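Have a look at the structure below, then the notes.
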Amino acid sequence: MEKTELATRFDPKDFEERLYDSWEKAGYFTPEADRERPSFSIVIPPPNVTGRLHIGHALVNTLQDILVRWKRMSGFNTLWVPGTDHAGIATQMVVERDLAARGIDRRELGREAFEQEIWKWKEEHGDQIVHQLKRLGVSCDWSRIRFTLDEGLSRAVRRVFVQLFQDDLIYRGLSIVNWCPRCETAISDVEVEYRETNGALYQIRYPSSDGSASLVVATTRPETMLGDTALAVHPDDDRYRHLIGRTARVPLAGREIPIVADPILVDREFGTGVVKVTPSHDKNDYDAGLRNDLPQLKVIDERGRMTAAVPEAFRGMERFEARTAVVRALEEGGSLVESKPYLHSVGHHEKCDTVVEPMVSTQWFVRIEPLAGPAIDAVRKGEIALIPQSWEATYFNWMENIHDWCISRQLWWGHRIPAWYCDACGHLHVAEDAPDGCDSCGSAELRQETDVLDTWFSSSLWPFSTMGWPEKTPDYETFYPTTALVTGWDILFFWVARMIMMGKRFTGQNPFEQVFLHGLVRDEKGQKMSKSKGNVIDPLEVADEFGADAVRFTLAIFAAGRDIPLARNRMQGYSAFATKLWNASRFAMMHVDTTIEDARPIVREDLRPVERWILSRLNSTTQQVNRSLSAFRFDDAANAIYQFFWHEFCDWYIEMAKPVLLERAGDKKTLAQARRVLLEVLDRSLRLLHPFMPFITEEIWLKLGGVEPSIMVASYPVAEEVLEDPGGERLVVMIQQIVTAVRNVRAERGYSPKDRFKLHLQVRDLRNARGIKGSEYLLIELARLDGLEINAGIPDNAHRDQIGGIEIGIELPKKEISAEESARFLKQIEQVEKEIEATRARLADEKFVSKAPAHIVDGARAREAELRQKLEKLRQNLTASPA
RNA sequence: GCGGGGUUAGCUCAGCGGUAGAGCAUCUGCCUUACACGCAGAGGGCCGGGGGUUCGAAUCCCUCACCCCGCACCA
């Protein structure tokens, strides 16, 4: 391939879209269902079809893409299945709002026409998020994109529903559920978000029926008193024991209700010790009602209004208006004892923020415990790893206290429950396909259940339904179970736990081996991002500004598992890394005359120490990156590459190579080697970095002339033992330390780099001396010396320092030490003295010497000796200064 | 109440048994022909308090304080 120049200016917009198109066209995202090669598969957490890309999507998909690109380059047959979720309530809300803007109510439209409207909306807007994902460079296999309401996935949903029903794991029954009066549907426990809310605590007096006594109860929901069917006290409470079995009268309603004893419901210490019991509108009261055989009186309807069961004055009132009206009436009737402000936790529907109304209703439930058991075991036995592992405790805690799952929703958008009622004989049919007639009485008149399933029901099948289950398709055989799952911890219960339960039950296998639960993206103060706070970072906007690569790299480098405090200037910071990469590559191309493709293999034995050193460092980095990615430590992996590329390769290696590349040192052979190594390191670095920054690495790599047609199908670097070179590393560290020491003196004592001066080295350790011989030009260049001598004496007035085993002397132009400088010397001396004393004390401790491992003790001895030499040098600097 | 996490440099965090780290920010020099989105140098931390284990603790254990997050309760 022809090597071409890189533009001086660097703008991601010049190539991001072009490269993405080329990858997609080339089919790199689409694997064959080839069972011979080891596979790596992952399914996307399907974004809502109504979704617009936010920073959380950017994070989860960047992390998945890093894994997928890494595994693909590492030789795995890699599949990443994308798709979207029909998102029952969310989507219905969006389309309802759309219709409302056109003056249409869905109820006028009717169910079928409304469903048509939603499909139309989906066709027009549903792939918006898909386009936005592509902007980030994600390498999903778009040819396999799925939608939870696809025919295939719907078939899987019906199959699962029917089997669970037949196994008695789904039942239909009357129970108290969380009801959203705005959405007019039941919702599950996990969809209720509890929030501290300012309300009031009212104390209400209930007279006993015979008028001889009265009981005061406390409540935050006075309107529900109209539905009270008992008062409850603790059986052992002496204050009230004599009243048990008698009756009281409900103020306003006038009904007579029993006074019952219930030790579970009543806490004697709390409030007055008397509880009003409203079985129809409170979970605990509902349970108490069952225990005490109390009637249920429904006083609030599905739209949140008071029913006909309440006194006429309140009938039809909205529930919060009714609360005010009831309080006023109680006050007027003298039954209100007290009302005071009260902060308490109130359940809200997480989707629409409406206060949830507990309500008795007939719904469909999944009997969850038999499913939870195996799912708990899978994690406990380590078949599935939750990462970070601390989530396992949360998972167990939840799974062990799990409640039956209410799966029916009174919505129009979703998988309609495959159940049919025969009105003639009352028989219930549950089947994958509509029955022709009633099995029991033969009636042809069957009525399908109008409820749809909770969106999460279909999501729970996602890892296998997307692979074609219940058919044993080639994809299913090849890519299921999937390898890893990446998602936010906020849907651990909604989604992850349920996938494990369903996967176990229906495929007999765990749906994945590892679950990485990433943190949630927050703003720089750690607060949730929200439009109302105005602190959102729009991933598309920042991708436009800094490039998709910078956005991805920033997200990766923060993804340690904890929540991520993100700020725009972070993105800006890491976009500088992209620029650095670009410029270093430009430099390389200016000096390298071959391409990756036709470069000759490196003969390591011929290399100078610096070349062996940089290859050795790159090798360690490679090992670190692979190891970190295996452990989902995206932060460590990204940091390792950043550190290596910028601070070792650019800051040191390129500078060390310059004298040779610019032909100020070395012969033709060293020049060829330097060029070759420069190309090699750049090539490997680009491949190493590609999963994190796919666009810029491809753009540069193609211009360097890679063997493969794209970096994304090139091989991922792996560590090779032959590249390790501890000797080379030691030598270069030594050189770096000497150079730094000289630069330090120069900067601290105000000798501009233009002033050249002499450096003398006195060598104590002969091995190091021999190493430095041959590398003198590096010291001269990097420290900007005009000469140096090895093993020469150091003049009395030179500045001295001690580095490892080497003493250096820096001969300075005559210049007095200022008061400031001598103060600094004294401070250094003091620090060294302190450290010597600490080390000496340690070595004087007989227990330390006898118990600590030998290499620690030896290290301390060496350290002390070194420090003493250093101290001597520092003192000389102070006294030998030419005053 | 149950469970989890946090407290390390000005900020955001990593380190989790052997001499305190990164990025950003700060200060001081430099436009040294890849890069000023840069280079070089520097300053800055009793690693939340107390106790224990250990030759040795930011790292392990206990305890206290404060902060965050789940779940449950909240008449």
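None of the values given here were measured: they were computed from a predicted structure. Each chain gets a letter, A, B and so on, in the order its sequence line appears, and its residues count up from 1.
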Exercise for review: Look at A:Asn744 and B:A40 and indicate whether a side-chain polar atom (N or O) is within less than 4.0 Å of OP1 or OP2.
Suggested key: no
Check your understanding: A:Leu201 near the nucleic acid: base, sugar-phosphate alone, or nothing, with a heavy-atom cut-off under 4.0 Å?
Key -> sugar-phosphate
Exercise for review: Could you pick out which residue, A:Tyr202 or A:Gln643, lies toward the 5' side of RNA chain B when each is mapped onto its nearest nucleotide?
Suggested key: A:Gln643
Review point. For A:Glu655, which contact category applies under a 4.0 Å heavy-atom criterion: base, sugar-phosphate, or nothing?
Key: base
Review point. What nucleic acid atoms does A:Arg221 come within less than 4.0 Å of, heavy atoms only: base, sugar-phosphate, or nothing?
Key: nothing
**Study point:** Paired and unpaired positions of RNA chain B as dot-bracket, Watson-Crick or G-U wobble under 3.5 Å, | denoting a partner strand
**Key:** ((((((((.[[[[.)..(..]]]].(((((.......))))).....[[[[[..)....]]]]])))))))....
Review point. Knowing that exactly one of A:Glu866, A:Lys870, A:Gln869 qualifies, which makes a side-chain hydrogen bond (donor to acceptor under 3.5 Å, both in side chains) with A:Gln802?
Key: A:Gln869
Practice item. Would you mind telling me which of B:U32, B:G70, B:A34 lies closest to the side-chain atoms of A:Arg586? Key: B:A34
Exercise for review: Whole angstrom is fine here: how far is it from CH2 in A:Trp646 over to C1' in B:C39?
Suggested key: 11 Å
Review point. For A:Lys580, which contact category applies under a 4.0 Å heavy-atom criterion: base, sugar-phosphate, or nothing?
Key: base
Point to revise | Rounded distance in Å - CZ (A:Arg568) to P (B:C11) | key: 23 Å
Check your understanding: Heavy atoms under 4.0 Å, any strand shown: does A:Tyr574 hit a base, just sugar-phosphate, or nothing?
Key -> sugar-phosphate
Exercise for review: With sequence neighbours excluded, give me every side chain to side chain donor-acceptor pair (under 3.5 Å) pair touching residues 224-235 of chain A.
Suggested key: A:Tyr206-A:Asp228, A:Thr224-A:Lys276, A:Asp228-A:Lys276, A:Asp228-A:Thr278
Review point. Contact class for A:Arg522 vs. all strands (heavy atom < 4.0 Å): base, sugar-phosphate, or nothing?
Key: nothing
Check your understanding: Can the positive tip of A:Arg617 be found less than 6.0 Å from the middle of the six-membered ring of A:Phe644, inside 45° of the ring normal?
Key -> no
Review point. Using a cut-off of 4.0 Å on non-hydrogen atoms, how would the nucleic acid contact of A:Phe396 be classed: base, sugar-phosphate, or nothing?
Key: nothing
**Study point:** Sugar-phosphate only, base, or nothing, as touched by A:Ala393 at under 4.0 Å among non-hydrogen atoms
**Key:** sugar-phosphate
Review point. OP1 or OP2 of B:C39 sitting under 4.0 Å from any side-chain N/O of A:Trp652?
Key: no
Check your understanding: In whole angstrom, what separates A:Arg633's CZ from B:A14's P?
Key -> 8 Å
Check your understanding: Counting any heavy atom closer than 4.0 Å, what does A:Phe577 reach on the DNA or RNA strands: base, sugar-phosphate only, or nothing?
Key -> nothing
Revision key, fill the gap. The residue among A:Thr272, A:Thr219, A:Val216, A:Leu215 that forms side chain to side chain contact (heavy atoms under 4.5 Å, CB included) with A:Ile204 is A:Thr219
Review point. If you check the A:Ala852 side chain, which of B:C69, B:C35, B:G18 turns out closest?
Key: B:G18
Check your understanding: Of the candidate nucleotides B:C55, B:C39, B:G43, which contains the atom at the shortest distance from the side chain of A:Lys827?
Key -> B:G43
Review point. Which part of the nucleic acid does A:Asn284 contact within heavy-atom distance under 4.0 Å: base, sugar-phosphate only, or nothing?
Key: sugar-phosphate
Review point. Taking only N and O in the side chain of A:Lys851, is any of them less than 4.0 Å away from OP1 or OP2 of B:C55?
Key: yes
Check your understanding: Between CZ of A:Arg861 and OG1 of A:Thr839, what distance do you get to the nearest 0.5 Å?
Key -> 12.5 Å
Check your understanding: So what does A:Ser345 touch, heavy atoms closer than 4.0 Å: a base, only the sugar-phosphate, or nothing?
Key -> base
Check your understanding: Parallel, tilted or perpendicular: which describes the rings of A:Tyr653 and A:Phe649, with under 30° parallel and over 60° perpendicular?
Key -> parallel
**Study point:** Nearest-Å distance for atom pair CZ/P, residues A:Arg863 and B:G18
**Key:** 17 Å
Practice item. Looking at every strand, decide which applies to A:Glu748 at a 4.0 Å heavy-atom threshold: base, sugar-phosphate, or nothing. Key: sugar-phosphate
Practice item. Ignoring the backbone of A:Asp845, work out which of B:G18, B:A34, B:C55 is nearest its side chain. Key: B:C55
Check your understanding: Atom CH2 of A:Trp398 and atom C1' of B:C69: how far apart are they, to the nearest Å?
Key -> 17 Å
Revision key, fill the gap. Smallest heavy-atom separation, A:Leu517 atom then A:Leu492 atom, equals CD1-CD1, 4.1 Å
Check your understanding: Quick check, are the ring centers of A:Tyr642 and A:Trp646 under 6.0 angstrom apart?
Key -> yes
Practice item. Using a heavy-atom cut-off of under 4.0 Å over every strand shown, decide if A:Thr220 touches base, sugar-phosphate, or nothing. Key: sugar-phosphate
Check your understanding: Would you say a side-chain N or O of A:His403 is under 4.0 Å from OP1 or OP2 of B:C71?
Key -> no
Check your understanding: Nearest to the side chain of A:Ser390, which nucleotide is it out of B:A34, B:G4, B:G23?
Key -> B:G4
Review point. CZ of A:Phe649 versus P of B:A34: gap in Å, rounded?
Key: 13 Å
Review point. In whole Å, what separates the C1' atom of B:A9 from that of B:G1?
Key: 39 Å
Exercise for review: Specify the separation, in whole Å, of atom CZ of A:Arg195 and atom C1' of B:C71.
Suggested key: 17 Å
**Study point:** Exam field: side chain A:Arg868 to backbone A:Glu864, donor-acceptor pair closer than 3.5 Å
**Key:** no
Point to revise | Most 5' of A:Ala584 and A:Asp651 on RNA chain B, judged by nearest nucleotide | key: A:Ala584
Point to revise | Contact under 4.0 Å: A:Lys658 side-chain N or O vs B:U32 OP1/OP2 | key: no
Practice item. Classify the nucleic acid contact of A:Thr740 as base, sugar-phosphate or nothing, counting any heavy atom under 4.0 Å across all strands shown. Key: sugar-phosphate
Revision key, fill the gap. Ranking B:C37, B:G4, B:G23 by distance to the side chain of A:Ala576, first place goes to B:C37
Point to revise | Between B:C13 (P) and A:Asp636 (CG): distance, integer Å | key: 16 Å
**Study point:** Test item: side-chain donor near acceptor, A:Arg570 and A:Thr554, under 3.5 Å
**Key:** no
